[in-house]
Amino acid sequence: DAGVIQSPRHEVTEMGQEVTLRCKPISGHNSLFWYRQTMMRGLELLIYFNNNVPIDDSGMPEDRFSAKMPNASFSTLKIQPSEPRDSAVYFCASSLKGDYEQYFGPGTRLTVT
Amino acid sequence: GESVGLHLPTLSVQEGDNSIINCAYSNSASDYFIWYKQESGKGPQFIIDIRSNMDKRQGQRVTVLLNKTVKHLSLQIAATQPGDSAVYFCAENRASGYSTLTFGKGTMLLVSP
């Protein structure tokens, strides 16, 4: 299995631009998680999907952030408009329903200038 | 242990030594705990987990100890190797009914040959 796939691996954009991060979970996994990692705040859960339905989005910082999961094999995290404080590494993880062990992707390093 | 602010606590050991990484958790109702290892530029990787009805679990070269009385978790790595150098995170499931994990800030382990 290829594991969780994220793209792009690196993204550099200017403030105000729209950013879309992509994730393909492990085949057969039905829970998907988006995290943000910074030195100041550590690893923070942004949103959690189960069977493509958003279950808990309380970690989404503000309305500029949105996430979708149109099918079991694809999810996006969008930031519009982006701001310098959004600079971080964004991870996607997936797990089997009822299993707490989460499998992480390699992350997308986002830099907003 | 857990960190506050910009700097991760760091544990420096010599190759071949045993390492102990500590973690304090906050929720006495948490029923599942997991340790992850994160190497530079990569996503967190599962090491070992333990449920709250256990106080010790062993894996290959790793042991997790759980003390529910003082809400403390530790990861012991035997015969530490340079390849063990990474940031180690503990995480807990706060028995919220969701399969979500709350991560600690992490501890950096540096192993010198």
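This structure is a prediction, so every number in the text was calculated from the model and none was measured. Residue numbering restarts at 1 for every chain, and letters A, B, ... go by the order of the sequence lines.
Listed options Val89(A), Leu43(A), Asp56(A) were ranked by heavy-atom pairs under 4.5 angstrom with chain B; first place goes to Leu43(A). Contact tally against chain A (heavy-atom pairs below 4.5 Å) for Thr102(B), Asp49(B), Leu101(B): the top residue is Leu101(B).
In summary, the side chains of Ser82(A) and Arg64(A) do not present any donor paired with an acceptor at a separation below 3.5 Å, with no hydrogens or angles considered.
Heavy atoms of Gln45(B) lying under 4.5 Å from chain A are absent altogether. For Arg109(A), no part sits under 4.5 Å from any heavy atom of chain B, backbone or side chain. Both the backbone and the side chain of Gln102(A) come within contact range of chain B, with heavy atoms under 4.5 Å apart.
Centroid-to-centroid, the aromatic rings of Tyr90(A) and Tyr35(A) stay 6.0 Å apart or farther. Centroid-to-centroid, the aromatic rings of Tyr36(B) and Phe89(B) stay 6.0 Å apart or farther.
When Ser27(A), Ser75(A), Pro25(A) are each tested for a side chain to side chain contact (heavy atoms under 4.5 Å, CB included) with Ser94(A), only one passes: Pro25(A).
Leu110(A) and Leu45(A) are members of different hydrophobic clusters when ILVMFWY side chains are connected at heavy-atom separations under 4.5 Å.
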